[in-house]
Each structure stands twice: as structure tokens, then as C-alpha cells.
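Taking it in order: structure first as C-alpha cells, then the write-up.
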Amino acid sequence: MPELAEVEFFRRRWDVARGKTVKAVYLNPRARDNRGLPIAKIKKVLLGQKFLASQAAAKQMAFYFTNHLWLGIHLGMTGELAVGPAEREPKPHEHLVLKMSNGQELIFIDPRQFGRVLFYQGQGVPEWWAKIAPPILSRAFTVQVVADFLKRHGRAPIKAVLLMQERFPGIGNWMADEVLWRAGFHPQARAGNFGPQAILRLHRTLRQVCRDALKVIGKDWSDPPSHWLFNHRWSDGGKCPASRVLLKRAPVGGRTTCWSPAKQKLGAERR
DNA sequence: ATTCTTGTTGCATC
DNA sequence: AGATGCAACAAGAA
């Protein structure tokens with residue numbers, strides 16, 4: 001499920017072991033998440049190092065250890081981070097496990113294996129971390145930046161554009177739908193048709209949904225309130241929490257998309 | 001049995 | 001050249 005706020009939630013889970021030392025490393029060499037990793041080297045250099053800090057950005061996390069060591073994790077479609085006691089019954093698809101000095105294990109589970117584990121050792125910041133786009137909640141995410149990006153992808157449906165991580169880091173399928181629903185834009189609206197007022201509104205709504213999601217899900221994984229589209233989007237016969245009309249569902253930009261035909265009409269973007 | 005999936009990439013096509 | 005769309009990746013749920 002992991003989009004912006006869920007990623008932050010999982011980061012916090014592992015962060016309980018901050019300050020502890022790595023006592024053992026397990027990396028499944030056959031897991032697709034671990035492809036390309038120097039597994040033997042990671043095991044060797046990580047052992048005995050202290051977990052110093054963690055950070056989430058977009059759909060990625062970075063865990064930083066002494067000796068300039070970085071572990072990056074992308075949760076893909078089905079990944080999650082867990083913390084468990086060492087004597088637990090291991091579950092299937094545990095692709096990375098760090099045994100920590102407090103007796104806890106930090107576990108990365110990912111059945112579908114669309115996720116990714118990354119590694120870096122050295123001064124400075126790894127390329128895979130540095131290249132993540134500036135956060136939607138940062139000052140760099142200006143209205144102008146959004147306007148330029150929509151123009152550049154003018155022929156694509158706005159739904160597909162909102163999913164582009166190079167400009168909307170952390171936005172995934174449900175967040176994109178939530179934004180468009182709240183702002184009142186049809187997911188099929190062409191990005192190039194958005195007028196100045198509509199762009200302003202889209203920009204503001206993007207920031208608001210990110211803030212709200214982090215407040216609700218990012219902190220302790222509470223379910224969002226039922227007046228969000230989130231709670232109704234996957235059920236057949238789901239109704240728009242604002243207008244009570246039957247929600248529509250269809251693929252847009254290659255992804256299942258849910259919208260309220262009452263609230264989101266083509267043309268509203270042209271202002 | 002079949003179809004679906006909260007993500008990303010690589011490649012074909014426009 | 002740059003933008004767009006789609007299949008592929010893999011496993012489990014409905």
C-alpha cells in the first residue's frame with residue numbers, strides 16, 4: 001500500500017531501533033528486491049555498526065549507520081517493514097532482516113517483490129537518494145513548477161501526470177484520486193487544459209492531502225476519516241462521501257481510477 | 001479458474 | 001527529441 005504517508009509510518013517502525021548496533025544481517029540472495037546488491041560485502045561492513053538516523057522521502061526510506069553506510073528501501077507495491085523479537089516464527093518473503101543489539105529484528109517483507117533494497121558506503125549522499133524530487137511540502141514545490149510540468153505533459157490525463165515521481169514524489173494511485181476528488185477535477189482532464197486558477201487549486205490540494213495523510217496515516221496508521229474518498233474507492237457500489245452518487249471506476253493512465261461523476265466534471269480545469 | 005492489484009521500468013510508438 | 005502508453009515483473013486475494 002505504500003505511498004507517502006505509509007512510507008513514513010514504516011520508517012518510524014524501524015526507527016525504534018535507532019542507536020542500536022547491528023548484530024546480524026540476513027539478505028535473501030534470490031529476492032528480486034535485492035538484485036544487484038553486493039550481499040557478502042553488505043553483511044561484512046554492516047556488522048557491528050550503529051543505526052544513527054532514518055529518513056523518508058517520496059516512497060523511499062534511507063537508514064543511516066556509522067562508517068558512512070546507507071541502506072535504502074523502496075516498498076514497491078506490497079512491501080512493509082516490521083519489528084519483531086528474534087525468536088518469532090519467520091513469515092514468508094522476509095527479504096532483509098537486521099538483528100539489533102536490543103534483541104529486536106528489523107524486517108523487510110515483500111511478497112510481490114516490486115520493492116528494492118539499495119546500499120551505499122561513502123562520504124556524502126548516495127545518488128539514489130540525492131535524485132529524489134523536492135517534497136510536495138517543501139518551498140521548492142511552487143505553483144510555477146506545477147504549471148510548467150503540466151504544460152510539458154499537456155496531452156496526458158492529469159491522473160497519469162500526478163503519478164509521475166519526478167515531480168510529485170510520494171503520490172500514488174489512491175493519493176492522486178484523493179487529490180482530484182477533493183479539488184473537483186476529472187481524472188481524464190488533459191494536463192495542458194489546466195488554467196491558472198485550476199493549477200492554483202491543484203497545487204493547494206496536493207499539499208493539503210499530503211499534510212492530512214501524514215497526520216493521519218504517517219503517525220500511527222489510523223484510518224482516514226470516512227469523509228475521504230479513500231474509504232469508499234475500492235468497494236463496488238461505493239458512494240461519493242460528499243454527493244452520495246455512485247462512484248465510477250475505470251483505468252486511467254493505466255491504473256484503476258475512482259472518481260465521483262457529480263463532483264468531478266470535464267471542463268472544470270479550464271479556469 | 002480467472003482477474004484484480006496503493007509501483008516502476010524499459011521499450012515501442014507517436 | 002521528447003512524450004505517451006503498455007507489457008512485464010510476482011504473488012496473493014477475491
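In the text below, chain A, chain B and the rest are named by the order of the sequence lines, each starting its count at 1.
Between Lys151(A) atom NZ and dA3(C) atom P the separation is 14 Å, expressed in whole Å. Atom-to-atom, CD of Glu94(A) to P of dA11(C) comes out at 16 Å; the value is rounded to the nearest Å. Atom CZ of Arg35(A) is separated from atom C1' of dT9(B) by 9 Å (rounded to the nearest Å). Whole-Å rounding puts the His74(A) NE2 to dT9(B) P distance at 7 Å. Between the NZ atom of Lys91(A) and the P atom of dA11(C) there is a distance of 17 Å, rounded to whole Å. Going from atom CD of Gln113(A) over to atom P of dC9(C) covers 13 Å, rounded to whole Å. Here dG7(B) presents its C1' atom at 9 Å from CG of Leu163(A), a figure rounded to the nearest Å. Going from atom CD of Glu166(A) over to atom P of dT8(B) covers 12 Å, rounded to whole Å.
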* Structure fact -> For DNA chain C, the dot-bracket notation using Watson-Crick and G-U wobble pairs below 3.5 Å, [ ] for pseudoknot-type crossings and | for other-strand pairs, is .||||||||.||||
* **Evaluation steps, side-chain hydrogen bond (donor to acceptor under 3.5 Å, both in side chains), between Asn67(A) and Lys50(A)** => CA-CA 9 Å; Asn67(A) 219 8; Lys50(A) 189 198 268 194; over 6 Å; no
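Contact annotation: Lys59(A) side-chain N/O to dT6(B) OP1/OP2 distance is not under 4.0 Å. OP1 or OP2 of dG7(B) has at least one side-chain nitrogen or oxygen of Arg255(A) nearer than 4.0 Å.
Residue contacts shown for Arg152(A) are limited to sugar-phosphate atoms, with no base heavy atom under 4.0 Å away. Gly172(A) comes within contact range of the sugar-phosphate backbone alone, with a heavy-atom separation under 4.0 Å but no base atom that close. Within 4.0 Å of Gly115(A), counting heavy atoms only, lies no atom of the nucleic acid at all.
Nearer the 5' end of DNA chain C, as judged by each residue's closest nucleotide, is the contact made by Arg32(A), out of Arg32(A) and His93(A). Annotation: of the two residues near DNA chain B, Arg155(A) and Trp234(A), the 5′-most nearest-nucleotide partner is Trp234(A).
A continuous path of ILVMFWY side-chain contacts below 4.5 Å connects Leu69(A) to Phe51(A), so both sit in one hydrophobic cluster. Under a hydrophobic-cluster definition in which Ile, Leu, Val, Met, Phe, Trp and Tyr are linked whenever side-chain heavy atoms come within less than 4.5 Å, directly or via other members, Phe63(A) and Val25(A) are assigned to the same cluster.
Only the P atoms considered, dT9(B) is 22 Å distant from dA1(C), to the nearest whole Å.
Minimum atom distance to the side chain of Phe114(A) is reached by dC9(C), of the listed dA3(C), dT6(B), dC9(C).
At distances below 3.5 Å, at least one donor-acceptor pair connects side-chain atoms of Thr257(A) with backbone N or O atoms of Arg255(A). Put simply, the side chain of Arg116(A) never gets that close to the backbone of Gly76(A): no donor and acceptor are under 3.5 Å apart.
Remark: Arg182(A) engages Asp212(A) in a salt bridge (Lys or Arg N to Asp or Glu O under 4.0 Å) (not counting sequence neighbours).
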Compile the donor-acceptor pairs under 3.5 Å between side chains in residues 223-230 of chain A and protein atoms, sequence neighbours left out, one pair per line.
none

